[in-house]
Every structure is written in structure tokens, then in C-alpha cells.
Amino acid sequence: MTAVEKIATLRQELHYHNRKYYVDNAPEISDFEFDRMMRELQDLEEAHPECADPNSPTQRVGSDRTTEFANVRHRYPMLSLSNTYSLEELGEFIDRIEREEGETEFVCELKFDGTAISLTYENGALLRAVTRGDGESGDDVTANVRTIGSVPLTLTGNYPAEFEIRGEIFMPYASFDRLNAEREAAGEQLFANPRNAAAGTLKQQQSSIVAKRGLDCTLYQIASRELPFASHWEALEAARSWGFKVSEHARICRSRSEVEEFIAYWDTARKELPYPTDGIVIKVNDFAKRRRLGFTAKSPRWAVAYKFKAEQALTRLVSVDFQVGRTGAITPVANLEPVLLAGTVVKRATLHNAEQIAALDIRIGDMVYVEKGGEIIPKITEVELSERKEGSEPLNYITECPECGTTLVRYEGEAKHYCPNQGGCRPQILGRIVHFIRRKALDIDGLGTETVELLHESGLLNNIADLYDLRAMDIAALPRLGEKSADNIMRSIENSKSVPFARVLFGLGIRFVGETTAKYLAQHFKSLDAVMSASKEQLLESEEVGDKIAEAILEYFADENNRSIIERLRAAGLQFEEEAKVLHSEVLKGKNIVISGKFLDHTRDELKEMIELHGGKNQSGVSATTDFIVAGENMGPAKLQKAEKLGVKILSESEFVALIGADAEVVVAEAKSTKEEKKEEKKQEDFVQGSLF
Ligand code: IVH
């Protein structure tokens, strides 16, 4: 057998076993054997880049390249369903249909609680995966969806040459719990519920991250101009036979009472399912009837979603605490008489902010309804006014910080109150240090929240700059910490001095400057000094920065105390500049280039990066020294006029990419990656280059 034949055979076998494992839940070979075959295929593909195929089973591991999502128009709009929480309304829906269509069969399905997806297949191969978006067009998330084991990359059997199939991408509870546990350990913000986690994961810019998150996908609707089926049930069975995961819990119901029985059963049984559901979808089975029933503007008239009510419990409000976060934001938290809700004992619930408290008119001693609306922390939805005690007083919101006594402030457009005493309020001081040492920031291992507290109490740690003045003996002297852990901590403090600038910027904890914004700022401004001296207008030029973020940045650097901390960090030797790039080529040497407008395939910062990597210089305005302009959509009219006057050449995005050479895309990916990712990137690079021939 030639290598090329072997690749084809292995791919076919791996697709088959993948389906057995992820779709049919009936593996035929061991994980060990599967991994062995996969490695063999990977090696062969590496040796034969001309055989690269985006639908090869090896592509399920995803890639570390960051991708932006192109907006794609749906061929058939993705409608939503009308909802009801009431069996009575559901009965009216069924009656209406039977009045119009006579006795009717309904297919009842679980309503999966994830995020909708539309998959396009051509000649049995996955071509595209697009999110619902606004229903008319959505994001092309194909690279991410390819990594989901239960999505078939190639089909079997008698499938139409071209069709779209729709379903739900969701996160099973086991994946969700694992993900949040990892995030908690890394000090990262938790996902509120599996639905948010699924949607957030699908929008990840690196498919290799998606591959690790354990998403699943179930399909429930085929969209095609012509289908050889008379009913939904037949279509579902066919989809299953082509290799799709179609829920085994769907049933045909022939009367209102059968539908109600199905609902009553799943209202309880769903609690045992390993994935989240939030209702039942009831659909007319017969396609001819569906065609006659038609659509309203937003949803089909032949289907409805019956949603389960979130579980509620009634309990007493004992007191309200006010918590102060790292940024000084105040969150009121209700202390409740313990009550059992959806399997767990609830003692506390969030009250969000002052407005929420006023809207509920909640008072100490009130009986209140708590609900787990899919959030981690339960919330109070309503007060049982009939049980209110006489003489109860409305709850007064605090005006001073419960931790440091400073008068609270409210920023325009913000629902929360803030304690402005950043430098002297304990939870803020500790919160900022804990944020700074997080894995995604300076990654100072061994220093947990408890040690930070101990060091703070012993007067050694009041701000992030103090970390770099710590001595091993100070740490070793603390209770429960010996010399060995002191050495470890000192080593990781030392290592943090080589953490790239973007993560340092993130670690500063500027309000609203998350990981991604920090990356963009670093890429755009190249140094902390440039960020610090930027005007609001200049800040707004960076990707992801809007009014709110720009103002938070200005405010942060206007603070004398923050500036002195930054100078101490500089003196300690932290990275305040983007690493110098190794030149990839000199094609643009000596060229002054202006980037203007919006682009399809790259962000402006990516294009600027490409210019620098190929020896060119970025110019902000058109002048006599400009060699050419790379123009996207909506290039400024002033720039265009000036360019015409000066006779400056204008290139389109694709002309520019062609000018640099075919490896331009690879260069961008490389510029973004860290050292550890380089190896994986290399493989990808081979693949990209391979597919160019
Ligand atoms: S059918 C024309 N079936 O619920 C409408 N939707 O509220 C086609 N969903 O956007 C949708 N499970 O994201 C359908 N078994 C199921 C579903 C389901 C979950 C989601 C889907 C849809 C939303 C409508």
C-alpha cells in the first residue's frame, strides 16, 4: 500500500471509530489503539503535506492560530421558536393546528440548552459551521466546530449532495464542572452556566482550546430546498444514518394528552440527564402540513417550545452583606435561612446592586423566592408580600465602604457603587495582588490567596510592586511556609520578570482591561510608556477599546500612586515593551506604508504587524514620503483625496498579502505565538504551506 493509500484508509477507519465513540457511544477499539492509529496518520500527513485535508480526523485537535470569524449569510434564515411556560397555551397551540389540519402527529424533542449551529455539507464533507447570529447571518466557526468529536467530518450512506443541518452545541455537565474547576484553580472568572460556557467556547479564537473543552453537538433539523422525506421523523432517522448525533429521546405523540405525558415525564427525568435542557420542543411531524401552516415573521407556526420553570424555593432573608471586589465594585449579598433548591442547600444569593434591591423592595425578615436561573449564585426573584411583617423598613443601601469607611461613588452608566479608596481598602489591595499573580497574568506560582493575606498582615505586601522587594527569609518566617516554599516563590517571582508585556499590562488590573484588550493594547502601542502617554483618541484607535475602557485607562495612569508602582515595577525589570520581532523578510525594506479602512481577513493591527515583520514602516498619515496605502472598506475620504493628489499607490488587502508572499498568513500566526506554542505552530505551518500547492 502506498503512503497516500494508507492515509486514506486510516482516515476512513478513524472517522468510523470516532463515530462509534462520540455519536453511538459504542466504541469498538481501545483508546490506546485509537491514539496509535491517530499518531500513525499524523506522521504520514506530516511526511505528505500534499495530502492535507481540513476534514482529516487529525484536525480535531485544533490549532493555536488565532482566527477571526467571518460573517456568513445563512442560505435559509435561522428562526427561533415561540415559547410558552403554560400547558394551557400549549393546548391552544395544539388545538389551533388540529382545527386547521385535522388530527396531527407531533414530534416531541428535548430542548437542549446550548447554542444553535448550522452545518453545511457538500458531497458528504463538512464545509462550514455558522452560528445563529441575528438569524440572517452568523459567525463562521468551522475551525472550532471541527474539533467537536460528535460532529461528523465526513458522512456515510445516502446523503444529499448538498444540505444544511441545524442543531445545538452544548456543554455536558461533566465538561462544565471540569472547566470551571480549572478556571477556579487558575483564579479565572467562572462561567455562569453550561450555556454560556458553550457559547463562549465556540467563539474562542484558538480551536486547540475548543478541542479540550468537551463540547457536544446534537442535530434536529435538516434545511434543504428539496428533501426526499415526507416527515420530520424520517428526516431525523436519515440524519442519524449519515452519522449525525440525533437525540434518542424524541417521540411521536398523537394527542394533547400524549404531549403532556411526555412533558411531565421529562420535567423530572431531565434532572438525571448528563447535559442541560430547558424545555421540550413540540413540532408537527408531517412536512406537507408544515408547508401549509407556514411561518410568522419570527418563527414557524408548526412548532413551539414549552419551557420548564426554573426551580424556586421560599425562604427568609436574614441579613445583607456588602462585598468589595478588586476594582472596588460593591455587590450586595443576601444571607438566607438555609433552604433546599435543585439538589443543593442555598444560604446566600446575589442582589446585584442598589437598583435591584429597590426594584424588589426587599426588606430584612421578608420571605423571598430564590431561583437558580442557570447562574452559579442563586438570585432572589420576588418577595412574598403576603408574609411581610408589620413595621418592616425598606432596606437602606450603604453609602460608605463596609471595609474602609470611604464614601462610595457611582460612575455614570454603571449600576454598581464603587469604593474609590483603591490604595487603602483591604479587599481591593489583596484582590489586585491576587489578580497580578494569576496564571494568565504574571503567573507567580506558590503564592496563593492565603499567603498573600499573611504577607499583607505582616506589613510586607501592600501592592504589586512590593512583591519584588520580598526576601526569601521574610517568606520562610511565615507560619506554614518553610525555606523550600520560600525558594519556590522567590524563583517564580524572578521568572515573572520575563513574562511578556501584554500579560504585565493585564496584571495591572486596570478596570475593564481583560486579557484580550491587554493583548491588543500591547500589539498596538508596543510599550507601556506609549500606553501611558496616549490620549483618549489614540487609545480609541486600538482594537477593542471603546469609551469606557479608554477612560478607565486614563484614570488608572492619572493616579500618582499607580505611577509610582509602575516605576518600581520598571526598576524591578518587568517587561514593559513588546518583544522585538525577528524579521521574516525584507520585501518591504525602506517602505513607508499607511493602513486605512476596515479589512475582511485581517485586523488593522495584524496588517501593521505584517508590515514590521517584513521590514516596512507604518505611517499614520499620508504624506509625500508614503510609498503606498493598503486600503480596506470605508477608507477615510480625506486620505483618499490626499493619496490621489500625491499620486500614492493604493493596494487592496489581497494585493498586499500577495506582495509579501504566500507565507504572510503564517507570519501573523507566528508573531502571535509564545515559545511553547512554536512547535505545534510548525506543524500547522507545514500544513498551510502544503495546502497552498
Ligand atoms: S427546532 C425553526 N429543536 O432552541 C426553529 N430547537 O428557542 C428550529 N433548541 O434556536 C429550532 N433544542 O437553538 C429546535 N430540539 C430542538 C432544540 C432547539 C434546542 C434551541 C435552538 C433554537 C432555540 C429556539
Side-chain angles (χ1 to χ4, degrees), residues 74-85 89-90 93 97 106-119 129-139 141 145 148 150-151 163-172 193-203 215-224 227 231-233 235-237 239-240 244-253 259 262-263 266-267 269-270 273-287 289-291 293-310 374:
H74 296 296
R75 182 176 302 176
Y76 313 96
M78 281 182 88
L79 300 174
S80 64
L81 293 173
S82 56
N83 276 340
T84 177
Y85 284 90
E89 274 180 26
L90 175 66
F93 163 83
I97 286 177
F106 294 94
V107 176
C108 292
E109 295 170 14
L110 295 177
K111 186 169 185 311
F112 289 83
D113 197 9
T115 182
I117 194 78
S118 182
L119 309 174
V130 183
T131 62
R132 178 169 186 276
D134 60 4
E136 297 283 326
S137 64
D139 284 334
V141 289
V145 169
I148 301 173
S150 47
V151 173
F163 67 98
E164 274 184 45
I165 185 161
R166 281 153 185 193
E168 200 84 350
I169 287 181
F170 60 93
M171 190 174 277
N193 53 51
R195 179 180 4 96
N196 290 358
T201 300
L202 206 58
K203 293 286 182 72
L215 290 176
D216 205 340
C217 179
T218 181
L219 284 310
Y220 44 64
Q221 194 195 1
I222 305 175
S224 172
L227 283 176
S231 72
H232 180 57
W233 191 260
L236 290 180
E237 298 226 295
R240 192 180 283 126
F244 292 104
K245 189 157 170 171
V246 174
S247 172
E248 71 227 15
H249 300 308
R251 291 286 176 276
I252 293 180
C253 295
V259 172
F262 185 89
I263 290 176
W266 283 108
D267 201 357
R270 75 191 183 102
L273 289 171
Y275 44 79
T277 56
D278 62 342
I280 300 293
V281 184
I282 300 105
K283 307 173 177 175
V284 168
N285 190 22
D286 185 331
F287 283 164
K289 288 187 179 178
R290 282 192 184 189
R291 272 192 290 276
L293 286 159
F295 297 85
T296 69
K298 281 194 314 207
S299 46
R301 290 180 73 239
W302 41 259
V304 71
Y306 173 84
K307 301 249 281 187
F308 296 124
K309 281 187 208 69

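First listed ligand is number 1; within each ligand, the first listed atom is number 1. When reading the values below, keep in mind they use all heavy atoms of this one structure, side chains included, and skip hydrogens, waters and symmetry mates.
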(request) Quick one, list the residues around ligand 1 where some non-hydrogen atom comes in under 4.0 Å, by chain and residue number. (result) Leu79, Leu81, Glu109, Leu110, Lys111, Phe112, Ala116, Glu168, Tyr220, Gln221, Val281, Lys283, Pro300

Pairs of donor and acceptor atoms involving the side chains of residues 78-85, under 3.5 Å and at least two apart or interchain, shall be tabulated with distances.
residue : atom : partner : partner atom : Å
Thr84   : OG1  : Ser86   : N            : 2.9
Thr84   : OG1  : Ser86   : O            : 3.3
Thr84   : OG1  : Glu89   : OE1          : 2.9

(message) Looking at every non-hydrogen atom in both residues, tell me the closest pair between Ser118 and Arg166 and how far apart they are.
(response) OG-NE, 3.1 Å

(message) Run the salt bridge (charged side-chain N to carboxylate O under 4.0 Å, His left out) test against Arg301 and tell me which residues pass, sequence neighbours left out.
(response) Glu100

(message) Going by side-chain contact (heavy atoms from CB on, under 4.5 Å), name the residues that satisfy it together with Ser224, two or more places apart in sequence or in a different chain.
(response) Phe163, Leu227

(request) Please examine the side chains of Val151 and Ile117, heavy atoms only from C-beta on, and report whether any two atoms are closer than 4.5 Å. (result) no

(request) Grab the two heavy atoms, one from Asp113 and one from Glu168, that are nearest each other, plus how far apart they are. (result) C-OE2, 4.3 Å

